[in-house]
Amino acid sequence: MPELPEVETQVRDLQVVVGKKILAITSDTHKAWKPNFAASQQLLGKKILSITRRAKYLIFKLSGEMVLVAHFRMTGHFLLAKSAKPLERFIRHSFQLSNGVFLQFSDIRKFATLTVCTENAYQKVCKLVELGIEPLEKSFTLAALQQAFKNKKGMLKALLLNQTIVAGIGNIYADEICFNAKLHPASRVENLTQQDFKNLHKAIQQELRKGVKNRGTTIGEYVDTRGKHGKNQLSLRAYKQHGKLCGVCGKTMQKMKISQRTTSFCAHCQQKR
DNA sequence: CGATTCCCCTGATAGC
DNA sequence: TGCTATCAGGGGAATC
């Protein structure tokens, strides 16, 4: 599923369409459009001024003070096509651009959203203002992480998935981060030591940077804008590894549910706090 | 107000 | 083989 590294990979690839105009939009899944499909028509004739990312949100700034905010949820991704012909089976939306490129949006489970907004309202409407720290920004220091976790209680993994604390981490990278930091995902955050926070801070940066470098994790359907798989799934050490042997100690990996999410970990290497 | 549960949706997989 | 049941999961809404 697209998390920070996957969305970042898409954003980087999509820079080739900055400066192009949106000439037409087709969609067979009107429900994805917020506030409604009719709003999509406001984007016609608009020029793409920039494409950026905040957490797992992809933000198109357009001329006329318009903004399109895309969220991939589970299975969404953009594809750059040279014609209107769908590159994949589950293309739900297609944007015809002024350079002849068709920006296609694939989304098997129809969970993704496309929000049409104005420049001065999008941060509030899409709840970007409620998001936590960007973990790959310079502002993500050890002190900033500790400040964000201050007065928080609960299981470590549940907090890592909470977008209002640290933004952009999903189920895959949360498991990888806990494994990297040698922390049990069910550890109570109020029990973490200074050394634990150091390890956690380092693990968050290492795992997300590795994900970006590998152009994302392909489990199921995620691909980049050219339809190519990421490489990060080839070096996962925890996510979906339950039942397999731990790469560090050789013991069998366990699984449990945390925050409604399947969580894999090594009970030997990852001690509970 | 915070924490938990439900829900959206459909392909893959397991079980019979 | 083919059917049904279960699972996966981000985040918003409803509920506790």
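Residue numbers start from 1 in every chain, and the chains themselves are labelled A, B, ... in the order their sequence lines are given, proteins ahead of strands.
If you check every strand for non-hydrogen atoms under 4.0 Å, A:Q163 touches sugar and phosphate atoms only. Among the heavy atoms of the strands lying under 4.0 Å from A:K257 are primed sugar atoms or P, OP1, OP2 only; no base atom is included. Counting non-hydrogen atoms under 4.0 angstrom, A:S259 reaches nothing in the nucleic acid.
A salt bridge between A:D175 and A:K240 is absent, with no side-chain N of the basic residue lying under 4.0 Å from a carboxylate O of the acidic one. A salt bridge does not link A:E6 with A:R53: every distance from a Lys NZ or Arg NE/NH1/NH2 to an Asp or Glu carboxylate oxygen is 4.0 Å or more.
Regarding A:R92, its CZ atom lies at a distance of 8 Å from the P atom of B:dG11, rounded to whole Å. Rounded to whole Å, the distance from CZ on A:R261 to C1' on C:dC7 is 12 Å. Straight-line distance from the CD atom of A:Q260 to the P atom of C:dG12: 16 Å, rounded to whole Å. The distance from atom CD of A:E130 to atom P of B:dC1 is 12 Å, rounded to the nearest whole Å. Put simply, CZ on A:R89 is 8 Å from C1' on B:dG11, counting in whole angstrom units. Between the CD1 atom of A:I165 and the C1' atom of B:dG2 there is a distance of 12 Å, rounded to whole Å. Note: NZ (A:K152) to P (B:dA3) measures 8 Å, nearest angstrom. Counting to the nearest Å, the P atom of B:dA12 and the NZ atom of A:K240 are 12 Å from each other.
Ring centers of A:H201 and A:F140: under 6.0 Å apart, within the cut-off.
For the residue pair A:Q104 and A:E88, no side-chain donor N or O sits within less than 3.5 Å of a side-chain acceptor on the partner. When only modelled atom types and interatomic distance are considered, A:T263 and A:Y239 share no side-chain donor-acceptor pair under 3.5 Å.
Contact between the side-chain N/O atoms of A:T262 and the OP1/OP2 oxygens of C:dG9 is found at a separation under 4.0 Å. The phosphate of B:dC8 (OP1 or OP2) has no side-chain N or O of A:K110 nearer than 4.0 angstrom. Contact check, A:K34 against C:dG12: no side-chain N or O comes under 4.0 Å of OP1 or OP2. OP1 or OP2 of C:dG9 has at least one side-chain nitrogen or oxygen of A:Y239 nearer than 4.0 Å.
Minimum atom distance to the side chain of A:H71 is reached by C:dG11, of the listed C:dG12, C:dG11, B:dC9. The side chain of A:K56 has C:dG11 as its nearest neighbour among C:dG9, C:dG11, B:dC9.
Evaluation of atom-type donor-acceptor distances gives a pair under 3.5 Å for the side chain of A:R109 against the base of C:dA8.
Taking for each of A:F111 and A:C126 the nucleotide of DNA chain C with the nearest heavy atom, the 5'-most of the two is the partner of A:F111.
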